[in-house]
2 protein chains.
Amino acid sequence: MALPQRATLDDVARLAGVSRKTASRVYSEPEKVAAATREQVLAAARRLRFRPNTLARTLRRGGATSTVGLLIGEMSNPFYHAVAAGIEHELSASGLTLVMGSSDDTEEGEERVADALLSQRVAALLMIPSAADQSYLDGERQLGTPVIAVDRPARNLLADAVLLQNRAGARQAAEALLNAGHRRIAYLASRADIHTQHERLAGYREAMATAGLGDAAALEHLSDDDAEDTVARAALDTAEPPSAVVAGNNRMSVAVLRAARELETRPALVGFDDFDTADVLGISVISHDPLEMGRRAAALAVERIARPTTVPEVIELPTRLVLRGSESSTGLAF
Amino acid sequence: MALPQRATLDDVARLAGVSRKTASRVYSEPEKVAAATREQVLAAARRLRFRPNTLARTLRRGGATSTVGLLIGEMSNPFYHAVAAGIEHELSASGLTLVMGSSDDTEEGEERVADALLSQRVAALLMIPSAADQSYLDGERQLGTPVIAVDRPARNLLADAVLLQNRAGARQAAEALLNAGHRRIAYLASRADIHTQHERLAGYREAMATAGLGDAAALEHLSDDDAEDTVARAALDTAEPPSAVVAGNNRMSVAVLRAARELETRPALVGFDDFDTADVLGISVISHDPLEMGRRAAALAVERIARPTTVPEVIELPTRLVLRGSESSTGLAF
DNA sequence: CTGAAAGCGCTTACAG
DNA sequence: CTGAAAGCGCTTACAG
């Protein structure tokens, strides 16, 4: 069966008995069209099931769509989902639509997906950089598309960034454990090669050095891939396990709990990132607000779209130590 | 400062010394252009930082973009994030881009955002219906845009759907508790007005009736809004608390744990939906695969884009009972 | 407040 | 394999 033809503005104008331009005005500057004419046009549009074609409008207007691209490396971490939710929320408040792409965490994927988003002429590009270098975006930036890095800074690219105070947060985590009397405090991280983990590790080291425990390298358990469970088990299943652990992110915290349960070793724990059941489990964390991070990044995008020529800005969002008991030496609450 | 002008295909053709059409072919059917000519064009494109304008291409080609819209009610539930991740994954494998919109769970919002997505001429619309009625999409469906409902069926609209076996899953949950010897088994749900909760409640009732416990209305604790913690506390903080609970979704499971901890009442528990720390906590659940749900929905969209005229299909994905200890009468493992 | 012409950047027929 | 003309659906100047 043949599908009915999609109506165009011309069809609407013809049915309403006005010029094409008048029909167009009903959608772009309705207040400039006489009320009676407007009603006539809208009635015709309803009858024909007309919906203005945003593509054509944008093309004619010179390229600036009302979409904003978000490029994420890995879709599996709940932290990034929350960031995306915050972004979506803020954008929709400004009448913008979110277009998402994920690079599956490969260098080649990041550039390919960025290219696809930019070909759709997104008004701005938000990204969680995961490739080693973002200089491939420099041409686009010069053409006026704002680029905003989220959670990690872009490399070799002049771009705005919204980050966390990773170093201060991790320092706080270690200090909380030191204050509770611990000395053998381990730091556990997967994806240790990325910026956030660099910073957090540095914060942990600062706290340890300040406490006169500078030579803690044996207590650092780092992996460049996603093997949280392996790292956690390796750290805890030793002759002399640490009495306390700083977990580098939410997934590592859960991995520590899992390993602790299996091994019946119960180290004190402060984890970076809050998570769903941390309160139920009595786990102390370095908390921050991923929704807020997304909101701030989107707000920055909205501002850059309006005023493209400003100097790049770096926003660092604070973290907060939430004590729930697991920082003490009495072991976990579960 | 003036921004440099964006290069068009014309500029590239001129610099490469070929016709506009030849330059176009390099991007649409590269195998039909002589290798030497192709290299010449690509070199010119690189020099000019040219990126083909997808909008213009789509407009000329007759409307079908390579984007797919996803309309979500509430962005806050991790379940939907996982569904979205599955969708994104499957779409990108087919060279499609995901455009997301959230309705903030209002009827008016759903229609407004659907309209925005359709104005961008998405090739298909995936949605988690939250309004009471989706008949407003019928015109668009007749124009050939596939609509696929995810997690809940669309109402008053002929659309494909990818759902869970909610009823069977909830029945299994109640049966697991019955098998463990429980009789006073409560059912707790927030958002009790939506389709999934209807079905799950029905499954619970079936199991109870079969066990000769048909009159369990006093054990049903339902709320139409999001007040999980309130429902959980009300259900457990009574003179005669239930000995076991079926939680209607992941958030209710966590709310039960929280309430149980505060009240030191420790009912057995089987929750619908798995969640991050359920294994650590030893919580038995009705598990299913939100990523898979997203993947299937996206695959259906891809198929419908290719062959639009097929009859709507309803896919029901199975659930799986995962026993971790909390179904027994000995109380929670934490 | 309304209208006829031109054009946004690309691709589709139609020729060669 | 390459080219000159027309047009996708809309809006922007330019007139009235």
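The sequence lines fix the lettering, A, B, ..., with proteins before strands; numbering per chain opens at 1.
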Per-residue pairing states of DNA chain D in dot-bracket (Watson-Crick or G-U under 3.5 Å; . unpaired, | other strand) read |||.||||||||.|||
Hey, are the side chains of Val68(A) and Ile305(A) touching, using non-hydrogen atoms and a 4.5 Å cut-off? yes
Would you tell me whether Thr67(B) and Gln120(A) have side-chain atoms, one donor and one acceptor, within less than 3.5 Å of each other? no
Once you measure the plane-to-plane angle for His81(B) and His81(A), does it fall in the parallel (<30°), tilted (30-60°) or perpendicular (>60°) bin? parallel
Assign each of Ala56(B) and Lys21(A) the nucleotide of DNA chain D bearing its closest heavy atom; nearer the 5' end lies the nucleotide of Ala56(B)
Assign each of Leu9(B) and Thr37(A) to its nearest nucleotide of DNA chain C by heavy atoms, then name whichever residue's nucleotide is nearer the 5' end. Thr37(A)
Indicate, with a heavy-atom threshold strictly under 4.0 Å, whether Lys32(B) touches base, sugar-phosphate, or nothing. sugar-phosphate
Can you check whether Pro129(A)'s main-chain N or O pairs, donor with acceptor, with Arg152(A)'s side chain at less than 3.5 Å? yes
Please classify the nucleic acid contact of Tyr27(B) as base, sugar-phosphate, or nothing, using heavy-atom distances under 4.0 Å. nothing
Check Gly294(A) against Ile87(A) and note the closest heavy-atom contact, atom names and distance. O-CG1, 3.3 Å
Below 4.0 angstrom, N of the basic side chain to O of the carboxylate: do Arg112(B) and Asp115(B) qualify? no
Could you tell me the boundaries of the chain A footprint on DNA chain D, defined by atoms under 4.0 Å from its heavy atoms? dG9(D) to dT12(D)
Stepwise, does the side-chain hydrogen bond (donor to acceptor under 3.5 Å, both in side chains) test hold for Thr8(B) with Asp10(B)? CA-CA 5 Å; Thr8(B) 70; Asp10(B) 264 11; 5.1 Å; no
Identified side-chain hydrogen bond (donor to acceptor under 3.5 Å, both in side chains) counterpart of Thr145(B) within the set Arg121(B), Arg304(B), Glu140(B): Glu140(B)
